[in-house]
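Heads up, the thing below is written out as structure tokens.
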Amino acid sequence: MNPAGPAGPASRVSVDTAVCIGAGQCALTAPGVFTQDEDGFGAVLPGREDGGGSPLLREAVRACPVSAVRVEEA
């Protein structure tokens, strides 16, 4: 797992819902990859599980105050 690395073509982006506190930093930092669900918790946009090539993905991982955003190399 590479939580601070960029998402390459064989990466999977996720939000650990058991850890997320709904700060929204992921959605604010990389809105092309993340959103907030109806309860305000972070979520990956449908079809963006690979990071969508976003140059802001690494910053979104760092911006999460509880490290709930993950990038896993496949």
Side-chain angles (χ1 to χ4, degrees):
M1 181 170 24
N2 184 4
S11 297
R12 179 154 178 84
V13 179
S14 63
V15 176
D16 185 339
T17 57
V19 175
C20 180
I21 61 171
Q25 295 303 304
C26 58
L28 288 171
T29 305
V33 178
F34 300 98
T35 188
Q36 287 181 281
D37 67 15
E38 60 276 355
D39 295 319
F41 294 104
V44 179
L45 288 167
R48 295 297 186 167
E49 293 85 0
D50 65 353
S54 175
L56 299 173
L57 185 59
R58 181 187 307 227
E59 190 57 36
V61 171
R62 281 188 256 199
C64 181
V66 294
S67 301
V69 178
R70 303 258 187 236
V71 176
E72 297 179 27
E73 302 301 323

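Please read all numbers here as calculations on a predicted model, not as lab measurements. If you read the sequence from its start, that first residue is 1, and numbering goes on from there.
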Minimum heavy-atom separation for [X] and [Y], please, with both atom names.
X     : Y     : result
Val66 : Cys20 : CG2-CA, 4.2 Å
Glu72 : Ser14 : OE2-OG, 4.2 Å
Asp50 : Val13 : C-CG2, 4.1 Å
Ala60 : Thr29 : N-CG2, 3.6 Å
Gly24 : Gln36 : CA-NE2, 3.5 Å
Pro31 : Leu28 : CD-O, 3.9 Å

**Asked** In terms of hydrophobic clustering (I, L, V, M, F, W, Y; side-chain heavy atoms under 4.5 Å; direct or indirect links), are Leu56 and Val44 co-clustered?
**Response**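 Each belongs to a different hydrophobic cluster.
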**Request:** Spell out, yes or no, whether Val15 and Phe41 are grouped together once hydrophobic residues are joined by side-chain heavy atoms under 4.5 Å, including indirect joins.
**Result:**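 Hydrophobic grouping puts Val15 apart from Phe41.
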**Asked** Ignoring hydrogens and geometry, is there a side-chain-to-backbone donor-acceptor pair from Glu59 to Leu57 under 3.5 Å?
**Response**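 No; judged by distance alone, with no hydrogens or angles, the pair does not exist.
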**Prompt:** Ignoring hydrogens and geometry, is there a side-chain-to-backbone donor-acceptor pair from Asp37 to Asp39 under 3.5 Å?
**Reply:**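 The answer is yes, because a donor-acceptor pair under 3.5 Å joins these two groups.
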**Close side-chain approach of Leu45 to Phe34, heavy-atom, < 4.5 Å** =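 A side-chain contact is absent here, since even the closest heavy-atom pair is not under 4.5 Å.
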**Item:** Heavy-atom side-chain contact between Ser67 and Val19 under 4.5 Å
**Value:**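 A side-chain contact under 4.5 Å is absent here.
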**Request:** Mind checking the OG-CZ spacing from Ser11 to Arg70? Nearest 0.5 Å is all I need.
**Result:**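 The CZ atom of Arg70 is 14.5 Å from OG of Ser11, to the nearest 0.5 Å.
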